[in-house]
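So you know, we letter chains A, B, ... as the sequences are listed, proteins then strands, and number each from 1.
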2 protein chains.
Amino acid sequence: MAAAAQVVHRQGAERTTIADIARAADVPVGNVYYYFKTKDELVKAALAEHAHQLELLTGELDRLGDPRERLKRLVETWVSQRDVAVRYGCPTGTLASELDKRDEGGLDEEAGRVIRLLVDWVAGQFAQLGQPDPEGLALTLVGAYQGMSLLANALRDPTVMTRQGERLLGWLGSLPDPLATDGPPAGDSPPGEGR
Amino acid sequence: MAAAAQVVHRQGAERTTIADIARAADVPVGNVYYYFKTKDELVKAALAEHAHQLELLTGELDRLGDPRERLKRLVETWVSQRDVAVRYGCPTGTLASELDKRDEGGLDEEAGRVIRLLVDWVAGQFAQLGQPDPEGLALTLVGAYQGMSLLANALRDPTVMTRQGERLLGWLGSLPDPLATDGPPAGDSPPGEGR
DNA sequence: GTCTATATATAGATAGAC
DNA sequence: GTCTATCTATATATAGAC
């Protein structure tokens, strides 16, 4: 499953052959079919692997006390993984984009569910911050991540990740804190202008 | 070329066969090879077609007097095409994402160039608005578009496009106008909160 | 320049020895 | 449960008649 996740991320689902995954896992091709009946099941396994990684990450972040701090740390994690994003894009996002082109097999919905996991977790953080539209804010944050990953990848430019990451951190810092009694810590700052 | 652009957008480059494109163009398969030596050349033609459509759009928008109005109209155009984005994603973005998985052929750079066209045009508008970091703002706006398209597509939810579009319009409206002598028209408004 | 028939390569999947 | 050999289907690409 780990080999499938990595190879599918790097080569894309369609360009990845069973032989590629078998080689990465150092097993003969025929052996793969003992555990996965079809190639689609291997892709599904890769998706599950990405979902697992995501759960590990959010589990770590949940140990932080402040929801705002959790979101900031999430953004910092994205930026820290910029090199792989520049070369291959976001693992879940690029896979979802590819699978959504299909109209049979149901793998597209599977990919959507993994994206949902992230959006829902982020929305939960915004809700804890007392924000009025946590789902909308979550779509904004996750959408910004998907967009900057795609642009960094397409333009082969890691500074897209660092620059947009800075902007997101500034935005998160500017959100009013409902727990504070004496107003927000700093003035609002629109995206791209947060300096 | 039009058939190639449409079919490749809908099915993805890898899943599209020459026969698919030939059928869409209503010509026999063998005939395709008289004009395009390889499948990669067909994909390149699809990219060129998308670049052409983009130039038509920016050409239209250039006829508007105000750069801010041009950007707002651009966002409105994206939102108006939400149904196709929900089903197949952004034509250029999804294609770039797919082609960037390759490490030979140079088609990935070709896709990056088309994205660049859009980013550069948007940056030009921000520059005309007197903004300090037009390139950064352009990456923010185009990134937001790519992100909301991917999420709308993965979650099969058109309201992602309308909601995020509203947010972007609010943001564009809140940018200070350097041509005005009596300060910005309204207070700043961070993304997702612009209401 | 258009079209049919076909060659060639490769990938998904299976059979069956071990 | 592991592995080799092979079947079968399909897609790119070409040959050659018209």
Side-chain angles (χ1 to χ4, degrees), chain A residues 1-50 88 91 94-111, chain B residues 1-50 88 91 94-111:
Chain A
M1 284 179 72
Q6 185 176 73
V7 176
V8 166
H9 178 208
R10 292 188 170 176
Q11 304 189 348
E14 303 297 342
R15 286 183 83 85
T16 296
T17 69
I18 313 277
D20 290 333
I21 297 175
R23 194 178 324 118
D26 204 43
V27 295
V29 274
N31 202 352
V32 174
Y33 282 95
Y34 183 79
Y35 296 96
F36 304 94
K37 274 190 278 290
T38 65
K39 181 182 174 181
D40 275 11
E41 288 206 16
L42 260 176
V43 175
K44 190 152 54 171
L47 267 173
E49 184 70 14
H50 289 306
Y88 307 108
T94 57
L95 191 47
S97 170
E98 201 180 355
L99 297 178
D100 276 326
K101 303 281 183 184
R102 307 185 176 186
D103 36 27
E104 50 185 282
L107 269 179
D108 51 341
E109 296 171 24
E110 205 87 19
Chain B
M1 284 178 69
Q6 184 175 73
V7 177
V8 166
H9 178 209
R10 291 188 172 177
Q11 305 190 347
E14 304 297 342
R15 284 182 85 85
T16 295
T17 69
I18 313 278
D20 290 333
I21 297 175
R23 194 178 324 115
D26 204 44
V27 295
V29 273
N31 201 352
V32 174
Y33 282 94
Y34 183 80
Y35 297 96
F36 305 93
K37 275 189 277 290
T38 65
K39 182 182 174 181
D40 275 11
E41 289 207 16
L42 260 176
V43 176
K44 189 150 57 170
L47 267 173
E49 184 71 15
H50 289 307
Y88 307 108
T94 56
L95 190 48
S97 170
E98 200 180 357
L99 297 178
D100 276 326
K101 302 280 183 184
R102 306 186 177 185
D103 37 25
E104 49 184 281
L107 268 179
D108 51 341
E109 298 171 22
E110 205 86 19

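Two residues are said to be in side-chain contact when any heavy atoms from C-beta on lie closer than 4.5 Å; A/His9 and A/Leu95 fail this criterion. Residues B/Thr38 and B/Tyr33 are not in side-chain contact: their nearest non-hydrogen atoms beyond the backbone lie 4.5 Å or more apart. You'll find the side chain of A/Glu110 reaches within 4.5 Å of the side chain of A/Leu47, heavy atoms only.
In this structure, B/Asp20 places its CG atom 16 Å from C1' of D/dA13, rounding to the nearest Å. Here D/dT10 presents its P atom at 13 Å from CZ of B/Arg15, a figure rounded to the nearest Å. Residue A/Tyr34 contributes atom OH, which lies 3 Å from atom P of D/dG1 at whole-angstrom precision.
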Can you check each nucleotide of nucleotides 12-18 of chain C against protein heavy atoms at under 4.0 Å and return B for base, S for sugar-phosphate only, - for none, in 5' to 3' order? SBB----
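For B/Lys44 and B/Glu49, the salt-bridge test fails: no basic side-chain N is under 4.0 Å from an acidic carboxylate O.
Side-chain atoms of A/Lys101 never come within 3.5 Å of backbone atoms of B/Ala13 as a donor-acceptor pair (strictly under, hydrogens ignored).
In this structure, A/Tyr35 reaches the sugar-phosphate backbone alone: every heavy-atom distance under 4.0 Å involves primed, P, OP1 or OP2 atoms, never a base.
Partners of A/Asp20 under the side chain to side chain contact (heavy atoms under 4.5 Å, CB included) rule, at least two apart in sequence or in another chain, are A/Val7, A/Gln11, A/Thr16, A/Thr17, A/Arg23.
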